[in-house]
Each structure stands twice: as C-alpha cells, then as structure tokens.
There are 2 protein chains.
Amino acid sequence: MKSAIETFRNMGHPATRGRGEIMRILAESPIPLSPREIRERIPDPKPDASTVYRNLSLMVSLGLARSVALHERSRRYEAAMDGLHRHRVVCRRCGSIESFQPKNCDLSRIEKDIRGTLGFDVTDHSLEFFGACADCEGKQRGRR
Amino acid sequence: MKSAIETFRNMGHPATRGRGEIMRILAESPIPLSPREIRERIPDPKPDASTVYRNLSLMVSLGLARSVALHERSRRYEAAMDGLHRHRVVCRRCGSIESFQPKNCDLSRIEKDIRGTLGFDVTDHSLEFFGACADCEGKQRGRR
DNA sequence: TTCTAAATGCAAATATATTGCATCCGCAAT
DNA sequence: ATTGCGGATGCAATATATTTGCATTTAGAA
C-alpha cells in the first residue's frame, strides 16, 4: 500500500523500507500481530527488533495502527484503516483469533452513559469476545 | 473476606496467608491491579513475586479472579464477584482508570451474531473505553 | 551532490513472567 | 496435640518482552 508511505512523508517522517513492510504486513493480516510476528514476516534483511518497536509506537501515535490487547503476554497490532473497526473473537481452548465486523456496533448508548455518569469523553473502545471456536466446540460435543 | 478462603478449601487448595491477602486486596480495590501492585500492598512478610503470579493464575482458573487488559505492559487483575461484571474507562492522558457498571450491558445481540456467523460460542467478553477523563477534559477546555 | 535531522543497528539495561527444586506448611487422620 | 503427605512457598535461574544510549547510516531537502 503506497499511501501508507505517503502518509509517513506527509507527517514529516522519512519513509524507510522497514516502515513500508510493517504497514504492508499489518494491512494484509486478518488478525492483529505481535511485534515478534511482524518482524518474522519481514523479508531479510530484517530490521532490528527495537526498530520494529519504535515504528509500531510511531504508527500508533500517527493513527496508522492500533494496539489490541488479548490478555496475552505481548500486545498485538493491527492496521487502523479509516473509521473501520473490528472486534476480536478469541478461542480460549486453541488460542485461535478471528476478527469480527459487527453489523451494528452500538455502544454509543453506553458511551453516552459514561459521559453522563463520569464526565468522561470516550474517543474509542476495545471489545473482545472469548469462548470456544467452532472447531473446538465440535470436538467438545463429539467427545461427550 | 472469609468466603474466599473457604472457596479455596472447597476446591481442594490449601488456604494460605498470601492467598487470603490477594483476595482481600482485589476485593477492596476499585480498579484492577497489576501483580506488582498487588504484591506491594501485601503487608510484610510479602510472598515472593513468583508466588503472587502462581496464585493469580490459580485464582483465574478457579474463577475467583479475572484478568483485565488495558493495553499496558502488564496485565491487571480484578476480583470476579459473582456474575457482576464491570467495564473499564481509561484516560489516555493521565492514565487514570475508572470502573463503570453498565446499566444494561447488552452485547447479547452481538454475541448471538457471532455464534450465527462464526459458530463461535462466546462465554465472556472484555470491554474497555478510552478517552479523556473529566479532569483532563477540563484542563483541555480551559486551555483553549 | 551535500548537508542535516532523523532512523537504524547493536548492545546493554530494565521490566515482566515462568520454572526447577529444596524446604516448609496446611490440614486431615490419628 | 502429633504426625505425614501433597501441595505451596522462597529462591535463584531463566525466558520473554520492551526500552534506551550511542555510534553510524540514510532519506530527503537544498
């Protein structure tokens, strides 16, 4: 995706190969990735891990990426495409992750409620679901 | 809270001082705490950090505690009181955390949707809101 | 082509979490 | 109250994740 590189330039940050690769990898992945996974997918010569971390932080602060917390040891990152936002569905059994595009993510009532009750201005939210994926559900049933 | 200790015993796990302290601290805290914060609040002699980690894992698997992911470096934990569940509101500016009891946390439609679309059996979810707290909002306004 | 600010690699530091093992302790049976 | 056993703990070592300082390199403007 070339526009990502443009975005870097427009914001006064040099475009480097590493940055382009990270953007591409995030854009192509259906699930959020950890810094380690991202680096693994960059073809050699790979940038140093610290560079990956630094760029992910930069990308988050530029609004190009978002971090996703799935109760794991490390954070994951996803491309922040426009306003489009997805929720995550995580299988507690096999650890598989799926992304879910809510038909009508109506949390606006709750957000309004929060503003009213706490005077807190909500800018975004993070919603993850946990349970058993179709495969694991199947196994479980079958075993009974 | 004595019942927590009972719960341990009933589930075949010896009640120790450390376990009691962790339960008490989580039950008393209005916000989820990191393992480090929990340990700091245990009066001397403090259990070893590894013991705190081990017990938190145990408590999660026994359903006595839940982990909360707030996009930080470490996970936080909260007491899992009955079915009662709270959402978190985090200020991106000052980092303050508030708990929010949703009036009617109606995610059941979304969960049903997930089952229908992915065949995924949702057992629980995690919902966090981010933005600016009343204090920081005020400062920001004042500055204009 | 030249220059400069910013990015990178590398190594070290720090934070977080996990594990092996010897010892200790809760608790149930005596 | 005493005893015995299995699980819990402390401690040290290790693994993993993330951050930082600094010398060197590079992108992009002049």
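In what follows, every chain begins at residue 1, and chains take the letters A, B, ... in the order their sequences are listed.
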Who are the side-chain contact (heavy atoms from CB on, under 4.5 Å) partners of [X], not counting sequence neighbours?
X	result
K112(A)	none
R19(B)	F8(B), H13(B), P14(B), T16(B), N55(B), L58(B)
S50(A)	D48(A), R54(A)
P43(A)	R17(A), E21(A), R24(A)

Over how many whole Å does the gap from [X] atom [atom1] to [N] atom [atom2] extend?
X	N	atom1	atom2	answer
N10(A)	dA27(D)	CG	C1'	15 Å
I38(A)	dT18(D)	CD1	C1'	14 Å
H71(A)	dT16(C)	NE2	P	18 Å
R75(B)	dT16(C)	CZ	C1'	10 Å
R19(B)	dC24(C)	CZ	C1'	14 Å
L56(B)	dT16(C)	CG	C1'	13 Å
E72(B)	dA17(C)	CD	C1'	16 Å
E21(B)	dA8(D)	CD	P	18 Å

Heavy-atom check, side chain of V60(B) versus side chain of L56(B), under 4.5 Å = no
Residues forming a side-chain hydrogen bond (donor to acceptor under 3.5 Å, both in side chains) with R92(B), sequence neighbours excluded = D124(A)
List in chain and number order the residues that pass side-chain hydrogen bond (donor to acceptor under 3.5 Å, both in side chains) with E98(A), two or more places apart in sequence or in another chain; answer none if no residue qualifies.
-> none
Heteroatom pairs (N/O) under 3.5 angstrom, protein to nucleotides 28-30 of chain D:
| residue | atom | partner | partner atom | Å |
| --- | --- | --- | --- | --- |
| dG28(D) | OP1 | R9(A) | NE | 2.4 |
| dG28(D) | OP1 | R9(A) | NH2 | 3.4 |
| dG28(D) | OP1 | A15(A) | N | 3.0 |
| dG28(D) | OP2 | R9(A) | NH2 | 3.1 |

Sequence neighbours left out, what pairs pass ring pair (Phe, Tyr, Trp, His ring centres under 6.0 Å) with at least one residue falling in residues 41-74 of chain B?
-> H71(B)-F130(B)
Enumerate the residue pairs fulfilling salt bridge (Lys or Arg N to Asp or Glu O under 4.0 Å) with a member in residues 29-38 of chain A, sequence neighbours excluded, ordered by first and then second residue.
-> E37(A)-R76(A)
Search all heavy atoms of Y77(B) against all heavy atoms of S67(B) and return the closest pair with its distance.
-> CE2-CB, 3.7 Å
Nearest heavy-atom approach of A15(A) to I5(A) is CB-CG2, 3.4 Å
Does the side-chain contact (heavy atoms from CB on, under 4.5 Å) test come out yes or no for I42(A) and I22(A), once each step is laid out?
-> CA-CA 7 Å; I42(A) 300 178; I22(A) 295 177; 4.1 Å; yes
Under 4.0 Å between any heavy atoms, over every strand shown, what does R17(B) touch: base, sugar-phosphate, or nothing? Just pick one.
-> nothing
Is the closest basic N to carboxylate O distance between R86(B) and E128(B) below 4.0 Å?
-> no
Enumerate the protein-to-nucleotides 13-15 of chain C contacts in which both atoms are nitrogen or oxygen and the separation is below 3.5 Å.
| residue | atom | partner | partner atom | Å |
| --- | --- | --- | --- | --- |
| dA15(C) | O4' | R73(B) | NH2 | 2.5 |

What does the inter-axis angle of the helix from dT1(C)-dA30(D) to dT30(C)-dA1(D) come out as, five pairs per end, nearest 10 degrees?
-> 40°
Stepwise side-chain contact (heavy atoms from CB on, under 4.5 Å) check, M23(A) with L64(A) = CA-CA 8 Å; M23(A) 282 307 294; L64(A) 297 174; 4.2 Å; yes
Within residues 41-55 of chain B, find the residues that approach DNA chain D with a heavy atom at under 4.0 Å, and present them sorted by residue number.
-> K46(B), P47(B), D48(B), S50(B), T51(B), R54(B), N55(B)
